[in-house]
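Remember, predicted model here, so these are calculated numbers, not experimental data.
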Amino acid sequence: QVQLVESGGGLVQAGGSLRLSCAASGRTDRRYAMAWFRQAPGKEREFVAAISWSGGRTYYADSVKDRFTISRDNAKNTVYLQMNSLKPEDTAVFYCAATLKLYNLRSRVGYGYWGQGTQVTVSS
């Protein structure tokens, strides 16, 4: 079992930045790939970014590429999402997720552990 707790959400003006953190506890000895997904009101949960266990592979949704950066510190069991140049359409609840799968990290399928989410609101 892995427990995930997100933090760092909040209200920011368009063009601003936020850094989300996801702290993992429990069975952190396993080699989990990690990802961020988001869900806006009335919309499906969508992929944002993912990172392999080693950090050597990263993946981004086209809508956030060149604005968001995912990273991890395995010594601290923490994954980060640096979000720059935020837009009102980025407003959503952001969820951290963990998986043991090695491929297809953009798909929600196979992510067995999820955090409770943190709200990000971008005002225009």
Query raised in the report: In Å, rounded to the nearest 0.5 Å, how long is the span from SG of C22 to CD of E6?
Result: 5.5 Å

Requested in this report: Report the C-alpha distance between L20 and V120 in whole Å, list the side-chain angles of each, state the deciding distance to 0.1 Å, and finish with yes or no for side-chain contact (heavy atoms from CB on, under 4.5 Å).
Outcome: CA-CA 9 Å; L20 304 183; V120 171; 4.0 Å; yes

Just list the side-chain donor-acceptor pairs under 3.5 Å for residues 55-62, sequence neighbours left out, or say none.
from	atom 1	to	atom 2	distance (Å)
R57	NH1	Y59	OH	2.7
R57	NH1	L102	O	3.2
R57	NH2	L102	O	3.1
Y60	OH	I70	N	2.9

Query raised in the report: Does NZ or CZ of R45 lie under 6.0 Å from the centre of the six-membered ring of Y95, at an angle within 45° of the ring axis?
Result: yes

**Report entry** Backbone N/O of A33 and side chain of S52: donor-acceptor pair under 3.5 Å
**Finding:** no

Query raised in the report: Is R27 reaching over with its side chain to a backbone N or O of V2, donor-acceptor style, under 3.5 angstrom?
Result: no

Query raised in the report: Are Y80 and T69 side-chain neighbours, meaning at least one heavy-atom pair lies under 4.5 Å?
Result: no

Query - Sub-4.5 Å side-chain heavy-atom contact between R67 and K87 - result: yes

Query raised in the report: Do the non-hydrogen side-chain atoms of Q13 and V122 ever get within less than 4.5 Å of each other?
Result: no

Query raised in the report: Is the count of non-hydrogen atoms from other residues, nucleotides or ligands lying under 6.0 Å from K101 atom NZ greater than 12?
Result: yes

Requested in this report: Write down the atom of A14, the atom of P88, and the distance for their closest heavy-atom approach.
Outcome: CB-CD, 4.1 Å

Query raised in the report: What pair of heavy atoms forms the shortest contact from L81 to A49, and how long is it?
Result: CD1-CB, 4.1 Å

Requested in this report: Show your reasoning for whether side-chain contact (heavy atoms from CB on, under 4.5 Å) applies to Y32 and V79.
Outcome: CA-CA 11 Å; Y32 293 99; V79 175; over 6 Å; no

Requested in this report: Taking the side chain as every heavy atom from C-beta outward, state whether S54 and R31 have any pair of such atoms under 4.5 Å apart.
Outcome: no

Query - Linked, directly or transitively: V64 and L105 (ILVMFWY side chains, under 4.5 Å) - result: no

**Report entry** Under 3.5 Å: donor-acceptor pair, side chain of T118, backbone of G9
**Finding:** yes

Query - Flag for N74-R72: side-chain donor and acceptor within less than 3.5 Å - result: yes

**Report entry** L4 side chain reached by W114 side chain, heavy atoms, under 4.5 Å
**Finding:** no

Report task. For E89, look at atom CD and say whether over 12 heavy atoms of other residues, nucleotides or ligands are found less than 6.0 Å away. Result -> yes

Report task. Looking only at non-hydrogen atoms, find the nearest pair between I51 and S71 and report the distance. Result -> CD1-CA, 3.7 Å

Requested in this report: For A50 and Y111, work out which heavy atoms get closest and say how close.
Outcome: CB-OH, 4.0 Å

Query raised in the report: Among all residues two or more places apart in sequence or in another chain, which pass the ring pair (Phe, Tyr, Trp, His ring centres under 6.0 Å) test with F47?
Result: F37

Requested in this report: Evaluate side-chain contact (heavy atoms from CB on, under 4.5 Å) for Q116 paired with V5, printing each intermediate quantity in order.
Outcome: CA-CA 7 Å; Q116 293 300 307; V5 178; over 6 Å; no

Query raised in the report: Taking atom types as modelled, is there a side-chain donor on N84 or S17 under 3.5 Å from an acceptor on the other?
Result: yes

Requested in this report: Determine whether L18 and W36 fall in the same hydrophobic cluster, where Ile, Leu, Val, Met, Phe, Trp and Tyr are linked whenever their side-chain heavy atoms lie under 4.5 Å apart.
Outcome: yes

Requested in this report: Look up atom OH in Y113 and atom CE in M34, then write down how far apart they are to the nearest 0.5 Å.
Outcome: 11.5 Å

Report summary line: To the nearest 0.5 Å, atom CZ of R106 lies from atom CD of E46 at 12.5 Å

Query raised in the report: Does the side-chain contact (heavy atoms from CB on, under 4.5 Å) test come out yes or no for S63 and R38, once each step is laid out?
Result: CA-CA 12 Å; S63 59; R38 66 185 180 187; 3.5 Å; yes

